[in-house]
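So the structure is just underneath, and the comments pick up after that.
Proteins come first, then strands; the chains are lettered A, B, ... in the order of their sequence lines, and each starts at number 1. Being a predicted model, the structure only gives us computed values, none of them experimental.
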Amino acid sequence: MSEIKITLPDGTIKTVPKGTDAYSIAKSISEGLARVIIAAKVNGKVVELNRPITEDSTLSLLKWEDKEGKSTFWHSSAHLFAEALESLYPGVKFGIGPSIDNGFYYDVDLDGKKLSVEDLNTIEKKMQELAKKENQFNRKEVSKAEALEYFTQKGDPYKLELINELTDGDITFYSQGDFTDLCKGPHIPHTGFIKAIKLLNIAGAYWRGDEKNKQLTRVYGITFPKKSELDEYLLMLEEAKKRDHRVLGKDLEIFAFDDDVGPGLPLWLPKGAAIIEKLEEFAKKTEKEAGYMRVKSPHIAKESMYLKSGHLPYYKDSMFPPMELDGINYYLKAMNCPHHHKIFAATPKSYRDLPVRYAEYGTCYRYEQTGELFGLMRVRSLQMNDAHIYCTKAQFEQEFKAVNDLYVKYFKVFGIDKYVMRFSKHDPKKLGQKYIDAPEMWKETEDMVRKVLQSANIPYIEVEDEAAFYGPKIDIQIWSAIGREFTLATNQVDFAQAERFDLYFINEKSEKERPLILHRAPLSTHERFIGFLLEHYAGKFPLWMSPEQVILLPISEKYQEYSEKVLNILKKHDIRALIDDRSEKTGKKIRDAELKKLPLMLIIGEKEQGDNTVTVRKQGGEDLGAMTVEAFINYVNAEIAQQLN
RNA sequence: GCCGUUGUAGCUCAGGGGUAGAGCACUUCCUUGGUAAGGAAGAGGUCAAGGGUUCAAAUCCCUUCAAUGGCUCCA
């Protein structure tokens with residue numbers, strides 16, 4: 001029998017008979033290893049452990065801890081779910097059942113039967129029962145005809161549709177117990193590895209993600225090889241819920257919604273408004289230093305402007321319906337750019353004026369579908385950290401880079417490090433439809449964007465067919481506490497609207513020339529950004545933007561007067577402070593201040609009153625000891641200066 | 001917009017065809033206490049809204065509204 005060479009991740013080379021499987025190789029290394037591995041990666045491809053290896057290969061053995069180990073594990077769990085479901089509801093039809101970042105789902109058609117929470121418990125129990133049988137996952141290669149035959153017999157139209165799109169010779173079935181599924185694999189050795197099971201929720205999901213198709217029932221679940229890991233995961237979910245900006249926003253009195261005002265229309269309470277003011281102050285200062293000029297524009301405009309901008313035909317459904325005045329339709333603005341273009345056009349421009357940078361915290365209204373609304377993250381009224389930069393082609397790269405540098409600077413101030421820059425490109429096949437038909441401009445601007453990203457050494461991913469209709473863009477993707485993905489900020493190239501609005505400047509040769517436009521919103525909208533920050537800081541805003549910075553805690557009524565004196569001094573120094581003058585014990589006052597996430601507490605008793613000091617306790621418990629009021633003011637200012645640096 | 005779930009006090013939630021409940025928060029009083037909950041009393045609700053069934057509806061049914069988990073969408 002011929003032999004093959006297996007290269008392990010540490011570089012060791014093992015010589016084994018051709019056809020040996022990964023499990024045997026693991027066993028030859030150690031029994032312990034063989035027990036914990038659940039799949040193998042052969043020449044970069046994940047396969048099951050009992051697949052014979054037939055050529056010289058690299059091999060890594062995957063455990064639960066490995067990312068690919070987890071996805072294999074969860075994919076197998078989806079099959080276990082399907083097996084349980086089929087045994088409980090014979091005749092159920094199956095869509096797809098993949099693994100996801102946290103667990104798996106399976107889309108099923110129960111023919112009108114609705115699943116309840118109790119049903120999930122029953123299915124879970126069935127899964128437990130089936131898991132204990134330690135049924136093996138068996139792979140079988142089938143011809144297309146056989147595959148079609150099997151699912152025709154079974155009467156599953158979804159699987160038939162999938163099979164019809166596959167090439168003959170490349171189709172495999174996997175079976176465990178009495179259940180067989182169309183699947184390319186791989187799977188864990190047997191169901192017994194799945195020890196802890198939780199079905200999380202039920203949702204509707206369109207077949208193949210198309211809302212024209214039938215809506216199937218999607219069940220989400222997660223499994224673990226150990227019960228303790230499931231408990232840990234569930235605990236983590238609970239913790240994440242506490243950090244949800246909708247919960248914190250209510251607790252901390254940042255914002256509210258009201259039925260009479262309307263869905264997606266947040267009300268900013270005084271503390272929320274205070275945060276916004278500090279944020280704007282910071283943004284305006286930063287933008288001023290970066291050469292932006294502030295402009296202001298109305299909340300509505302005539303239909304003709306949105307026809308000109310090209311927005312209306314594409315985005316009418318996302319705008320509030322028009323109001324008619326004197327036979328003319330007016331729209332609430334959904335974006336600021338057309339107004340800014342009109343500001344650009346209002347005065348003649350020379351190349352000497354460029355780049356022109358117009359900034360406005362403009363309020364926009366978007367008619368988001370009801371199902372899309374999500375706390376502050378997805379709303380219908382929003383105020384954007386918007387600006388438009390008009391520049392020459394020669395200036396573009398530098399301007400684009402400056403905008404990117406601004407992002408990085410902001411993210412440093414806010415300590416935002418978990419994000420992905422997504423470079424969205426056009427799809428050449430959709431020129432003239434989804435995208436402006438200007439192939440050479442697309443190429444040119446996309447190359448420029450890539451060059452800036454590469455030279456700045458910024459990690460990014462490129463995605464096809466995600467650009468704006470007027471040019472490529474960079475989106476900064478972040479995740480909410482409960483794991484939902486959002487675009488936080490955006491930086492877009494626009495080579496179309498200058499033409500549409502007939503924007504030009506006079507170049508050195510006294511000719512009219514079109515500017516390039518950049519749309520940018522590094523601090524997103526107030527709504528989304530503060531929603532994000534609430535979660536990012538878990539409600540503990542840094543001192544500089546905290547709506548209430550200092551709380552004075554007199555130990556008893558006797559020190560009330562002195563406390564008020566201190567309060568007035570702090571207020572005069574622009575420090576946002578308040579007194580807790582309730583007749584409660586100090587411990588209680590501290591606890592309440594902690595729950596309200598107040599950054600600094602001043603404890604004031606006999607000692608402090610006697611020597612004109614305050615005793616400073618930071619949120620979380622750090623004791624900074626006693627200091628004079630003047631020293632405390634200096635401390636606050638130094639702290640803020642450092643945070644904004 | 002679609003599928004599912006939910007809607008009871010400011011908040012978190014229990015209850016459930018026959019006079020509406022708890023804890024926390026709030027108000028008042030007692031207490032004047034030094035680093036995460038001192039004590040007592042009180043006030044607070046058209047049980048989301050509208051309709052239906054019933055002697056009787058917060059409870060059962062229908063509709064609407066809103067929230068929520070997803071799907072679709074996201075300039």
Given that both distances must come in under 3.5 Å, which nucleotide forms a Watson-Crick or G-U wobble pair with [N]?
N: G21(B); result: C13(B)
N: C26(B); result: G42(B)
N: C2(B); result: G70(B)
N: C65(B); result: G7(B)
N: U35(B); result: none
N: A56(B); result: none

Heavy-atom count check: over 12 atoms from other residues, nucleotides or ligands less than 6.0 Å from K93(A) NZ? yes
If you only use heavy atoms from C-beta on, which nucleotide in [options] is closest to the side chain of [X]?
X: Q369(A); options: G34(B), A37(B), U72(B); value: U72(B)
X: S583(A); options: C30(B), G69(B), C11(B); value: C30(B)
X: Q215(A); options: C2(B), A36(B), G1(B); value: C2(B)
X: R378(A); options: C74(B), G70(B), A75(B); value: C74(B)
X: K473(A); options: C73(B), A37(B), A75(B); value: A75(B)
X: T615(A); options: U35(B), A75(B), G38(B); value: U35(B)
X: S318(A); options: U35(B), C2(B), A75(B); value: A75(B)
X: Y206(A); options: U32(B), A36(B), C2(B); value: C2(B)

Pairwise C1' distance for G45(B) and C26(B), with rounding to whole Å: 15 Å
Under 4.0 Å between a Lys/Arg side-chain N and an Asp/Glu carboxylate O for R514(A) and E499(A)? yes
Residues E527(A), R378(A): salt bridge by 4.0 Å N-O rule: no
For R218(A) and for I603(A), find the nucleotide of RNA chain B with the closest heavy atom, then tell me which residue's nucleotide is more 5'. I603(A)
Position toward the 5' end of RNA chain B (nearest nucleotide), T490(A) or Y367(A): Y367(A)
Taking N and O atoms by type only, does the side chain of E372(A) place a donor or acceptor under 3.5 Å from a partner on the base of C71(B)?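 Flag set: donor-acceptor pair detected.
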Once you apply a heavy-atom cut-off of 4.0 Å, does E608(A) come out as touching a base, just sugar-phosphate, or nothing?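 Here E608(A) touches the bases of the nucleic acid.
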Is R582(A) touching bases, backbone alone, or none of the nucleic acid, heavy atoms closer than 4.0 Å?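 Here R582(A) touches the backbone only, sparing every base.
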N201(A) CG - C3(B) P separation (whole Å): 18 Å
Between Q497(A) and S309(A): side-chain donor-acceptor atoms closer than 3.5 Å: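 Side-chain D/A pair, Q497(A) to S309(A): absent.
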Can you tell if the side chain of F320(A) reaches within under 4.5 Å of the side chain of Y331(A), non-hydrogen atoms only? no
Closer than 4.0 Å, any side-chain N/O of R380(A) to the OP1 or OP2 of C74(B)?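 Negative; the distance criterion is not met.
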